[in-house]
Asks: 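Provided herewith is a single structure, encoded as structure tokens, for subsequent inquiry.
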Amino acid sequence: MGTGVLMSADRQIGFADILSQTVETLSAGARAAAIYFVVVGALGAAGVFTDLNGAETDVFFGFRSGFIYSADDGIVSALLQFAAWIASVIGGYLLVKAFLFERGAAVDSRNRFWAYIGMSIVSTIGTVLGFLLFIVPGIIIAVRWIASSGFLVGSNEGPIDSLSASWEATRGHSWPIFFAGVLLMIGYAVAIAFFVGIFSATGMDRGAEMIAKFVEPLASVLTTALGVSVYLLVSDRSKEVSDVFT
């Protein structure tokens with residue numbers, strides 16, 4: 001079980017705090033992260049390998065928005081895309097639980113999967129609408145709702161209450177969270193560019209596409225770890241788990 005430091009919502013959280021806690025979360029939950037990454041990535045890469053994958057999947061701070069199916073793709077393509085989407089949704093929920101558990105945080109013993117789905121839908125819609133409004137509102141919403149999964153899975157909060165709790169708890173910490181997210185996404189982009197570049201340089205375009213699809217879930221892993229880490233830093237539940245970190 002990982003170790004770390006929980007801070008109250010009243011304490012200013014710095015960029016370094018967020019990054020160090022995110023690294024701690026990734027390290028503690030490495031096994032769960034690896035399983036999610038391999039399963040979801042393999043399904044995506046398989047679609048490219050069979051030339052049946054027409055999916056365009058977006059990631060908004062850990063939530064996948066779905067897939068786009070073309071009639072030209074065929075039934076196998078549809079099944080592969082649907083399987084990848086289902087795996088990412090179920091895996092995303094389990095990944096949040098695993099990260100919280102491995103960090104020693106309290107985890108709601110009840111099944112919160114459907115509440116997680118509901119919150120994912122609301123947060124995705126809100127973020128997409130925000131991005132349509134000149135991008136900046138979408139960034140603000142994504143940053144302020146980043147800890148919502150932690151509140152939902154790690155406490156007794158409902159979907160809307162979790163979003164509200166995250167919004168309030170991250171007040172005053174937006175810039176460090178934003179820059180931490182940007183740095184993680186830069187690392188993700190560099191990883192994709194590196195591996196894709198190797199295959200592209202050798203003329204293996206299909207291999208480059210497969211690698212890009214395989215590495216794609218890394219974005220969700222990173223942003224989920226970021227969200228859980230921010231939750232641990234900003235939540236006021238430190239008394240419930242303070243003994244774990246002493």
Asks: What residues, two or more places apart in sequence or in another chain, satisfy ring pair (Phe, Tyr, Trp, His ring centres under 6.0 Å) together with F195?
Replies: none

Asks: Working to the nearest 0.5 angstrom, can you tell me the gap between S149 OG and L100 CG?
Replies: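 S149 atom OG to L100 atom CG measures 9.0 Å (nearest 0.5 Å).
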
Asks: Kindly indicate, with the supporting measurements, whether the criterion side chain to side chain contact (heavy atoms under 4.5 Å, CB included) is fulfilled by F131 and V136.
Replies: CA-CA 7 Å; F131 273 104; V136 174; over 6 Å; no

Asks: Using the test side-chain contact (heavy atoms from CB on, under 4.5 Å), find all partners of A180 that sit at least two apart in sequence or belong to another chain.
Replies: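 Only F15, I18, L19, L226 meet the side-chain contact (heavy atoms from CB on, under 4.5 Å) criterion with A180.
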
Asks: Counting distance only, does the side-chain N/O of T124 pair as donor-acceptor with the main-chain N or O of I121 below 3.5 Å?
Replies: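 Not a single qualifying donor-acceptor pair exists.
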
Asks: Once salt bridge (charged side-chain N to carboxylate O under 4.0 Å, His left out) is applied, do any residues pair with R110, and if so which ones, sequence neighbours excluded?
Replies: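 If we apply the salt bridge (charged side-chain N to carboxylate O under 4.0 Å, His left out) test to R110, skipping adjacent residues, the hits are D108.
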
Asks: Please enumerate all residues that pass side-chain contact (heavy atoms from CB on, under 4.5 Å) together with I192, with sequence neighbours excluded.
Replies: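 With neighbours one apart ignored, the set is Y188, V196, V215.
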
Asks: Would you say T224's side chain and V221's backbone share a donor-acceptor pair under 3.5 angstrom?
Replies: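 Checking the backbone N and O of V221 against the side chain of T224, no donor-acceptor pair under 3.5 Å is found.
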
Asks: Closest approach of K97 and V153, non-hydrogen atoms and distance?
Replies: CG-CG1, 3.3 Å

Asks: For L133, check side-chain contact (heavy atoms from CB on, under 4.5 Å) against everything at least two apart and list the hits.
Replies: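 side-chain contact (heavy atoms from CB on, under 4.5 Å) list for L133, sorted by chain: P137.
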
Asks: Students often mix this up, so state it plainly: with edges at 30° and 60°, are the rings of F178 and W175 parallel, tilted or perpendicular?
Replies: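 Rings of F178 and W175: perpendicular, over 60°.
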
Asks: CZ of F113: more than 12 outside heavy atoms within 6.0 angstrom?
Replies: yes

Asks: Is there a side-chain contact between L222 and L26 in this structure, where contact means two heavy atoms from C-beta onward sitting under 4.5 Å apart?
Replies: yes

Asks: Side chains of S229 and T25: donor-acceptor distance under 3.5 Å anywhere?
Replies: yes

Asks: Compare every heavy atom of A115 with every heavy atom of P159, then report the nearest pair and how far apart it is.
Replies: CG-O, 3.5 Å

Asks: Taking side chain as C-beta onward, heavy atoms only, is M185 less than 4.5 Å from T223?
Replies: yes

Asks: Please check this pair: side chain of S27 against backbone of V23, looking for a donor-acceptor N/O pair closer than 3.5 Å.
Replies: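 Between the backbone of V23 and the side chain of S27 there is no qualifying donor-acceptor contact (under 3.5 Å).
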
Asks: Measure the CZ-CG distance between F214 and L43 for me, rounded to the nearest 0.5 Å.
Replies: 10.5 Å

Asks: Shortest non-hydrogen contact from L232 to S235?
Replies: O-OG, 4.0 Å

Asks: Quick one: closest heavy-atom pair of A87 and V39, and the distance?
Replies: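 Distance-wise, the nearest heavy atoms are CB-CG1, 4.3 Å.
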
Asks: Assess whether side chain to side chain contact (heavy atoms under 4.5 Å, CB included) is satisfied between Y93 and N111, documenting all intermediate values.
Replies: CA-CA 10 Å; Y93 169 72; N111 184 349; 3.6 Å; yes

Asks: In Å and rounded to the nearest 0.5 Å, what is the OG to CZ distance from S166 to R171?
Replies: 11.5 Å

Asks: To the nearest 0.5 Å, what is the distance between OH (Y36) and CG (L218)?
Replies: 10.5 Å

Asks: Restricting to non-hydrogen atoms, name the atom on E157 and the atom on D161 that form the minimum distance, rounded to 0.1 Å.
Replies: OE1-CB, 3.3 Å

Asks: When you measure from the side chain of S148 to the backbone of L163, do you find a donor-acceptor pair of N or O atoms at a distance under 3.5 Å?
Replies: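 No: the side chain of S148 does not pair with the backbone of L163.
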
Asks: I'd like to check the side-chain contact (heavy atoms from CB on, under 4.5 Å) partners of S164; sequence neighbours left out, ordered by chain and number.
Replies: none

Asks: What distance separates M119 CE from F151 CZ, expressed to the nearest 0.5 Å?
Replies: 11.0 Å

Asks: Mark yes when over 12 heavy atoms from residues, nucleotides or ligands other than L132 sit less than 6.0 Å from its CG; otherwise mark no.
Replies: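 Yes, CG of L132 has more than 12 neighbouring heavy atoms, counting only those of other groups under 6.0 Å.
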
Asks: Checking Q21 against V228 for the side chain to side chain contact (heavy atoms under 4.5 Å, CB included) test, could you report, in this order, the C-alpha distance in whole Å, the side-chain angles of both residues, the deciding distance, and whether it holds?
Replies: CA-CA 9 Å; Q21 289 296 300; V228 168; over 6 Å; no

Asks: Which pair of heavy atoms, one from A32 and one from A98, lies closest together, and at what distance?
Replies: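 Of all heavy-atom pairs spanning A32 and A98, the closest is CB-CB, 3.6 Å.
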
Asks: Given 3.5 Å as the limit, does a donor-acceptor pair link the side chain of R112 with the main chain of L152, or not?
Replies: yes

Asks: Rounded to the nearest 0.5 Å, what separates atom OG1 in T127 from atom CD1 in I141?
Replies: 6.0 Å

Asks: What's the verdict on side chain to side chain contact (heavy atoms under 4.5 Å, CB included) for Y231 and I146, showing C-alpha distance, side-chain angles and the deciding distance?
Replies: CA-CA 8 Å; Y231 164 73; I146 187 68; over 6 Å; no

